[in-house]
Amino acid sequence: MTSRGAGRQVRKSAAERRREIVATAARVGLEEGLECVTRQRIADGLGVQSGLIHHYFPVVEELVAEAFARATTAELDGLLPEAAAEPEGGGPLGALQRFFTLISGAEFDNISKLWLNARHLSRYRPALHGQVVSQELRWCHRIEQIITRGVKEQAFCCEDPWAAAVRILAVVDGVSAYINTSADQRTAPLADLARTLAEAELGLPAGGLRLP
């Protein structure tokens, strides 16, 4: 298969083409909404015929689901990197301080909108539902791992890291639920809610999860 357009055409491997399609769909889903992930929209973005998208994704819902998974996985790795990829010297405490700082900025708005969008659509789309559940658990496990390391290093005091991770993400998600409507009226009162809850869950003093 080759790309359409002027100039020299380059044949890409099936794996490269598939990754390219999913990456483009992930960007569209994140910036415009999952409803905009259609074969024609992705084909236009790549400058190819829509039949090429159909070749790799005969069922467009599978593309939507993979696009969501790719976008949320990339966001997770950016916000909460695996231990080996964490900034040097930060440790579990630094990882969560960085996380709460990042999610408080406007840069987090698109991923909040994507999660809200996906949870709504997953009621009607089984493939997407499966990815939403998988990604929810992946995010919870990532925070659980950070908390568990922090307990071992005596940075945190927490009897049940899994339960704490679930509660922390539930509050993060709850606050972001207003992103499409009244976020501008609610941001100030809710700004520190998730951070405050996390500090209590981890036995930290008030402000313990703020970057120094």
Side-chain angles (χ1 to χ4, degrees), residues 26 29-30 68-120 122 129 131-212:
L30 190 61
F68 168 76
R70 174 161 181 144
T72 51
T73 295
E75 203 71 20
L76 172 61
D77 289 339
L79 291 169
L80 290 166
E82 295 273 15
E86 284 178 0
E88 188 174 351
L93 179 61
L96 290 186
Q97 288 174 333
R98 177 177 178 273
F99 171 69
F100 284 106
T101 298
L102 289 174
I103 67 171
S104 66
E107 296 83 0
F108 190 64
D109 287 356
N110 275 350
I111 196 65
S112 296
K113 292 175 182 179
L114 181 66
W115 273 104
L116 197 61
N117 186 203
R119 286 186 170 120
H120 168 67
S122 67
H129 180 271
Q131 287 290 2
V132 169
V133 171
S134 176
Q135 290 298 311
E136 285 176 342
L137 295 176
R138 188 172 186 177
W139 281 60
C140 284
H141 281 301
R142 185 70 60 86
I143 289 189
E144 178 194 26
Q145 291 165 2
I146 293 171
I147 294 173
T148 299
R149 286 194 291 117
V151 170
K152 289 180 179 177
E153 296 175 16
Q154 299 185 333
F156 306 143
C157 180
C158 178
E159 293 185 359
D160 190 340
W162 170 252
V166 171
R167 286 191 285 265
I168 289 168
L169 278 179
V171 174
V172 170
D173 288 339
V175 170
S176 67
Y178 303 104
I179 193 65
N180 287 331
T181 52
S182 55
D184 53 339
Q185 282 86 35
R186 297 171 185 259
T187 296
L190 296 175
D192 291 324
L193 180 59
R195 192 197 321 258
T196 300
L197 172 84
E199 289 166 351
E201 289 282 350
L202 304 180
L204 296 171
L209 287 177
R210 290 186 179 278
L211 281 173

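Here the shortest heavy-atom pairing between Val151 and Cys158 reads CG2-O, 3.8 Å. Closest approach of Leu204 and Ala155 over heavy atoms only: CD2-O, 3.5 Å. Of all heavy-atom pairs between Ser176 and Ser112, the closest is CB-OG, 3.5 Å. Of all heavy-atom pairs between Ile143 and Ala165, the closest is CG2-CB, 3.7 Å.
Between the CG atom of Asn117 and the CG atom of Asn110 there is a distance of 11.0 Å, given to the nearest 0.5 Å. How far CG of Leu93 is from CD1 of Ile147: 12.0 Å, rounded to the nearest 0.5 Å. In this structure, the separation between CD on Glu82 and CD on Gln145 is 6.0 Å, given to the nearest 0.5 Å. Here the straight-line distance linking atom OG1 of Thr73 with atom CD of Gln135 works out to 3.5 Å at 0.5 Å rounding. Atom CH2 of Trp139 is separated from atom CD1 of Ile168 by 13.5 Å, given to the nearest 0.5 angstrom.
A donor-acceptor pair is defined here as one N or O able to donate and one able to accept, closer than 3.5 Å; no such pair exists between the side chain of Arg195 and the backbone of Gly207. Counting only distance, with no hydrogens or angles, the side chain of Glu199 and the backbone of Leu209 share a donor-acceptor pair below 3.5 Å. Counting only distance, with no hydrogens or angles, the side chain of Ser134 and the backbone of Gln131 share no donor-acceptor pair below 3.5 Å. A distance-only check finds a donor-acceptor pair linking the side chain of Gln97 to the backbone of Gly208 [under 3.5 Å].
In this structure, Ile146 and Phe99 have side chains that are not in contact, with every pair of non-hydrogen atoms separated by 4.5 Å or more. Proximity of Leu96 to Leu80: side-chain heavy atoms (C-beta onward) are separated by under 4.5 Å at one or more points. Within the 4.5 Å cutoff, side-chain heavy atoms of Asp77 are placed close to those of Arg142. A heavy-atom distance below 4.5 Å is not found between the side chains of Phe156 and Glu201.
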Subject >> Stepwise side-chain contact (heavy atoms from CB on, under 4.5 Å) check, Leu114 with Phe68 >> reply: CA-CA 8 Å; Leu114 181 66; Phe68 168 76; 4.0 Å; yes
**OP:** Kindly indicate, with the supporting measurements, whether the criterion side-chain contact (heavy atoms from CB on, under 4.5 Å) is fulfilled by Glu107 and Leu102.
**Re:** CA-CA 8 Å; Glu107 296 83 0; Leu102 289 174; over 6 Å; no
**OP:** Would you please test Thr72 and Arg138 for side-chain contact (heavy atoms from CB on, under 4.5 Å) and show each step?
**Re:** CA-CA 10 Å; Thr72 51; Arg138 188 172 186 177; over 6 Å; no
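In this structure His141 satisfies the ring-ring contact (aromatic ring centres under 6.0 Å, His included) test together with Trp162, sequence neighbours excluded.
Listed by first and then second residue, the side chain to side chain donor-acceptor pair (under 3.5 Å) pairs involving residues 147-159 are Glu86-Arg149 (not counting sequence neighbours).
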